Amino acid sequence: MAPFVSDLVERARLAARAIADFGENLVRPTVRIGVTGLSRAGKTVFITALVHGLARGGRFPVFTPLADDAVLRAYLAPQPDDAVPRFEYETHVRALVGDRLWPESTRQISELRIVIEYKGKDGQAKTLTLDIVDYPGEWLLDLPLLDKTYEQWAKESLALSRSGPRAMLAASWHAFNATLDPDAPADEQAAITAAQLYTEYLRSCRDERWALSLLPPGRFLLPGDLAGSPALTFAPLALPAEAGPHEGSLWAMMKRRYDAYKDIVVKPFFRDHFARLDRQIVLVDVLAALNAGPAAVRDLEFALAAILDCFQVGRRTLLSSLISPRVDKVLFAATKADHLNQVSHDRLEAILHRMIERAASRAHYAGAETDVVALAAVRATREARVRSNGDELPAIVGVPQAGERAAGHVFDGEREIALFPGDLPADPERVFDLGRTGYHGLTAGSPEDAEFRFLRFRPPRIERTVDGLPTLPHIRLDRVLQFLIGDRFQ
């Protein structure tokens, strides 16, 4: 009965918050946009560039309200949630423009409010408020835990850790886990060691050579102020097929802490932030997975399916706005499109579309709108043609970050180079093929043997407009804005 009562309480809280948000939206039309993505997908850069472009009148020809001069001005306003850190927009702009450094990655939730004043189709002055919520994608992958018991999660996590390259990366944790008896008395040191080894396994999976994406629980990699707490001191155990934990056993301890993790971490995130979103963009570093190889590509596919399954998607109605808010638009964006020549952008989009097609079909059935786009929120390269062995190849020109390697060279972060990054296959299925007809990534050997090698580039030297304000070059950021909010300018 207790879980049932708890579920009713959570639903009541969600409904109360939805009614409050609905009332506020009548007074101040607002769109809450969630921005997420797995590690190094470019969330911070995306938000910085989006806000900068709106506030400074960026070059957004596809974003109809701006292209038609309907937008009168856009400006930052105090954010509405006092308990949520403010997104450090000004700091990130200075890093990009002044220092030519990429901002630090998202490690916690943050928020920013931007108000857009515009001329409606009826000629009247109106406002639209955007509340941009930035949160780590690793947190999103925790939401399926709400519907899983400890025993289900442990069984699935162990099975996953024994597949593909994960088996090698989890060897130390597996060895220690084999020494543990779930029915033995609870042992704090055993729990600490198991949690540490499990976290090291998850961290190894995220290394660029493997670039694996399905890595819950998310706070194990981004613990914040919960580091060292019992709520993060648990790990999967090899459990017997039947029966349950004995009181005072190691199994009971792990189960209790897993349930505490859901109560302390996952439920508040879902209730206070995730369930309030109207629209969502998921940033995806497809190129990192392609660098690593087919196993990483398939793992990313599973992670994206899990992410889309998390959203309560569907057509937004008056009733749903009051009692069951839902996301009615989800955009998946393959970031760092500037690391490829534009001739491969359609192929990059096709690969991402293939990754989400099954889960996206379920979202369409519910009435939600989904799309994919190849994006560079801040374009770090320009395009060129280079000749090699008599052939002319589509290349990119930019400054690789210090320490990047290619063809035996180590770059210093200052010298500009022209690079042919390789052609993405016309058939997206090829990058998912684990057999001999697939391709070789970093997991197959040295970087020189990899079929694709996408380098990281420094931010560009920024152009300035006639009034002296810097503008950030981009690829398809205006298409993103049009999809997410273009329909809200009436």
Side-chain angles (χ1 to χ4, degrees), residues 32-44 46-47 105-106 109 132-148 153 156-157 160 202 205-206 211-222 262 265-267 269-271 273-290 296-314 325-336 348-349 351-366 368-375 432 480 483-484:
R32 288 181 64 84
I33 299 176
V35 180
T36 195
L38 301 175
S39 179
R40 296 186 291 273
K43 298 178 291 296
T44 304
F46 170 80
I47 296 173
S105 300
T106 299
I109 195 165
I132 301 173
V133 183
D134 172 33
Y135 64 94
E138 287 79 2
W139 295 11
L140 193 57
L141 290 174
D142 278 350
L143 293 182
L145 302 183
L146 292 174
D147 295 323
K148 294 179 183 178
W153 171 74
E156 292 175 6
S157 298
L160 183 63
L202 295 178
C205 288
R206 198 168 60 173
L212 299 173
S213 304
L214 199 56
L215 305 171
R219 299 298 176 93
F220 277 48
L221 295 173
L222 299 169
K262 293 198 293 183
V265 174
V266 186
K267 286 182 180 179
F269 167 65
F270 176 79
R271 178 184 66 240
H273 305 291
F274 183 76
R276 300 175 62 198
L277 299 177
D278 300 310
R279 291 172 181 183
Q280 175 72 51
I281 180 169
V282 181
L283 305 176
V284 187
D285 191 354
V286 176
L287 300 186
L290 290 173
V297 172
R298 282 192 170 274
D299 198 77
L300 180 56
E301 177 189 13
F302 298 146
L304 292 178
I307 284 173
L308 192 48
D309 281 346
C310 289
F311 292 107
Q312 188 171 3
V313 296
R326 57 187 64 228
V327 172
D328 59 358
K329 285 192 174 187
V330 184
L331 181 65
F332 288 86
T335 57
K336 306 174 186 176
L348 180 60
E349 289 185 1
I351 291 170
L352 179 55
H353 186 272
R354 162 64 179 77
M355 286 180 175
I356 68 163
E357 60 183 352
R358 293 186 182 88
S361 65
R362 294 194 293 272
H364 281 299
Y365 181 77
E369 187 176 352
T370 61
D371 200 1
V372 300
V373 62
L375 163 75
F432 296 85
V480 169
F483 177 84
L484 290 175

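Only this structure's heavy atoms are used, side chains among them; waters, hydrogens and symmetry mates stay out. What you are looking at is a predicted structure, and each value in this text was computed from that prediction instead of being measured. We number each residue from 1, following the sequence as shown.
Side-chain contact check for I356 versus I307: every heavy-atom pair is 4.5 Å or farther apart. Using a 4.5 Å heavy-atom threshold, the side chains of V480 and F46 count as touching. Contact of the L348 side chain with the L287 side chain is registered, since non-hydrogen atoms from C-beta on lie closer than 4.5 Å. In this structure, the side chains of F483 and R279 stay at 4.5 Å or more apart for every pair of heavy atoms.
Rounding to the nearest 0.5 angstrom, the gap separating the CZ atom in F274 from the CG atom in L140 is 5.0 Å. Residue M355 holds its CE atom at 4.0 Å from CG of L300, rounded to the nearest 0.5 Å. The CD atom of Q280 sits 9.5 Å away from atom CG of L331, with the distance rounded to the nearest 0.5 Å. For the atom pair CG of L283 and NZ of K336, the computed distance is 10.5 Å after rounding to the nearest 0.5 Å.
Here the side chain of T36 pairs a donor or acceptor atom with the backbone of Y135 at under 3.5 angstrom.
Using bins of under 30°, 30° to 60° and over 60° for the plane-to-plane angle, the ring pair F269/W139 lands in the perpendicular bin.
Every residue was checked against the side chain to side chain donor-acceptor pair (under 3.5 Å) condition with T335, not counting sequence neighbours, and none meets it. Checked against salt bridge (Lys or Arg N to Asp or Glu O under 4.0 Å), R40 has no partners two or more places apart in sequence or in another chain.
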